[in-house]
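Here's the structure, in C-alpha cells; my notes come after.
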Amino acid sequence: MLMESFGLEKYVEEHLTSAKNRFHLFKYKGLDDNTEEDVGIDTHIDRHFLTILCQNDVVDGLEIRAKDGEEWFKAKPSQDSSYLVMVGASLHVLLNGRVHPPLHHVVITGKKDRYVAGLFLRPKEGLIIKAPEEIVDEEHPRLYKPFNFEDYFKFTYIDTKKRDLPALKAYCAL
Ligand SMILES: O=C(O)CCC(=O)C(=O)O
Ligand SMILES: [Fe+2]
C-alpha cells in the first residue's frame, strides 16, 4: 500500500520477497511498590522496514517523539484491538526520506505487567536498499547511499546511541 501510494507499484513484488517477518512477544514487568518509573526500552528508531505492534490493555508504555520538537506523546491505540504501525530506518532510506522513522521508547509506570506482540518486517540478509529513480527528482534529491541493512545493523549493534536519525545520516547520507 505504501509503495503504491508513492507510485512504486512495479517494485511491490520485489520488495515483498526481499523482506522477512519476525514475530516477538514482549513482557514488561509491572512496577513494585518502591519504584515510580522504569525505562523498559531506551530511546531509538527501529532499524528494519516496518513495525506493527499490538499491546494489551495496559495502554501506558510506548512514547513517541514529535517529528519536529521535543515533545513526547503517549502512543494510545484507539481501542484494544487496534495496531500501531511504525516506520523504520530501512523504509525511510528506501523511500528517500518521504516517510519518517519516529524516535520512541518504553517507560513503565504502572503495576500491571505489559504485554506487546510485535511483527517486524526486516530486510533479508545481503539486501542492498536503494531508493528507486521514480522518487528521486530535483525537488527530492537522493538522500542516501545504497544501504546494506546487515552493515547498518552492525554499526548500531553495540552503541545503542547510534539508533537515531542523525546517526543514520552520519552513516550513509550523501
Ligand atoms: O514495547 C513496545 O511498545 C515497543 C518495542 C520496541 O520499540 C521495539 O522492540 O523496537
Ligand atoms: Fe522500537
Side-chain angles (χ1 to χ4, degrees), residues 1-3 15 18-32 35-95 97-125 127 129 143-144 147-173:
M1 218 166 75
L2 253 172
M3 301 284 284
H15 277 284
S18 63
K20 58 187 179 190
N21 285 310
R22 278 222 182 140
F23 179 75
H24 290 266
L25 200 54
F26 301 93
K27 177 182 177 184
Y28 301 87
K29 210 113 190 61
L31 302 179
D32 58 36
T35 328
E36 276 180 12
E37 183 175 285
D38 195 18
V39 176
I41 296 191
D42 276 340
T43 301
H44 66 284
I45 59 170
D46 288 345
R47 290 163 291 174
H48 37 257
F49 283 128
L50 210 62
T51 303
I52 302 175
L53 297 172
C54 179
Q55 53 189 354
N56 70 343
D57 58 343
V58 181
V59 288
D60 278 359
L62 180 62
E63 295 184 347
I64 298 184
R65 175 95 169 251
K67 185 176 171 195
D68 309 301
E70 304 284 298
E71 221 176 326
W72 286 93
F73 294 96
K74 284 188 192 305
K76 289 190 175 172
S78 52
Q79 55 195 36
D80 284 351
S81 57
S82 57
Y83 295 87
L84 220 134
V85 180
M86 266 191 300
V87 164
S90 302
L91 192 61
H92 170 76
V93 171
L94 177 69
L95 295 178
R98 306 283 184 94
V99 287
H100 174 70
L103 262 181
H104 56 281
H105 59 204
V106 176
V107 183
I108 304 298
T109 50
K111 292 207 166 124
K112 238 174 141 179
D113 293 344
R114 176 173 182 266
Y115 292 91
V116 176
L119 193 64
F120 299 91
L121 186 65
R122 191 185 159 100
K124 279 191 181 157
E125 280 88 15
L127 182 74
I129 300 167
L143 297 178
Y144 297 102
F147 173 92
N148 179 323
F149 178 73
E150 294 304 311
D151 290 346
Y152 170 62
F153 194 81
K154 281 182 205 145
F155 168 73
T156 57
Y157 189 69
I158 295 181
D159 185 355
T160 53
K161 299 258 179 308
K162 287 184 178 159
R163 296 181 200 171
D164 65 10
L165 211 45
L168 174 72
K169 289 182 178 160
Y171 177 72
C172 65

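Both ligands and their constituent atoms are indexed starting at 1 by order of listing.
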Between D159 and K161, is there a donor-acceptor pair closer than 3.5 Å when you use the side chain of the first and the backbone of the second?
yes

Sub-3.5 Å donor-acceptor pair from the side chain of D113 to the main-chain atoms of G30, do we have one?
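Checking the backbone N and O of G30 against the side chain of D113, a donor-acceptor pair under 3.5 Å is found.
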
Please evaluate residues H24 and L119 with respect to the criterion side chain to side chain contact (heavy atoms under 4.5 Å, CB included), reporting the C-alpha separation (whole Å), side-chain torsions for both, the decisive distance (0.1 Å), and the verdict.
CA-CA 6 Å; H24 290 266; L119 193 64; over 6 Å; no

Contact summary for F49 and S90, nearest pair of heavy atoms:
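Where F49 meets S90 most closely, the heavy atoms are CD2-CB, 3.6 Å.
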
Any chance the rings of H92 and H100 have centres within less than 6.0 Å?
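When the ring centroids of H92 and H100 are compared, they turn out to be at least 6.0 Å apart.
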
Kindly list each side-chain donor-acceptor pair under 3.5 angstrom involving residues 149-158, sequence neighbours excluded, with atom names and distances?
| unit_1 | atom_1 | unit_2 | atom_2 | d |
| --- | --- | --- | --- | --- |
| T156 | OG1 | R47 | NH1 | 2.9 |
| T156 | OG1 | Y152 | O | 3.2 |
| T156 | OG1 | F153 | O | 3.0 |

Side chain to side chain donor-acceptor pair (under 3.5 Å) between T160 and D42, intermediate numbers included:
CA-CA 8 Å; T160 53; D42 276 340; 4.9 Å; no

Is there a side chain to side chain contact (heavy atoms under 4.5 Å, CB included) between Y115 and L25? Walk through the geometry before answering.
CA-CA 7 Å; Y115 292 91; L25 200 54; 5.6 Å; no

Please tabulate, one line per pair, the protein nitrogen or oxygen atoms found under 3.5 angstrom from a nitrogen or oxygen of ligand 1, with distances to 0.1 Å, or say none if there are no such pairs.
| unit_1 | atom_1 | unit_2 | atom_2 | d |
| --- | --- | --- | --- | --- |
| ligand 1 | 1 (O) | Y28 | OH | 2.5 |
| ligand 1 | 1 (O) | R114 | NH1 | 3.0 |
| ligand 1 | 3 (O) | R114 | NH1 | 3.4 |
| ligand 1 | 3 (O) | R114 | NH2 | 2.8 |
| ligand 1 | 7 (O) | H44 | NE2 | 3.2 |
| ligand 1 | 7 (O) | H104 | NE2 | 3.0 |
| ligand 1 | 10 (O) | H44 | NE2 | 3.1 |
| ligand 1 | 10 (O) | D46 | OD1 | 3.1 |

Sequence neighbours excluded and cut-off under 3.5 Å, please list the side-chain donor-acceptor pairs for residues 61-68, or say none.
| unit_1 | atom_1 | unit_2 | atom_2 | d |
| --- | --- | --- | --- | --- |
| E63 | OE1 | H105 | NE2 | 2.9 |
| E63 | OE2 | K74 | NZ | 3.3 |
| R65 | NE | G69 | O | 3.1 |
| R65 | NH2 | E70 | OE2 | 3.4 |

For the Fe ion (ligand 2), report each protein N, O or S atom nearer than 2.8 Å, sorted by chain and then by residue number.
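H44 NE2, D46 OD1, H104 NE2, with waters left out.
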
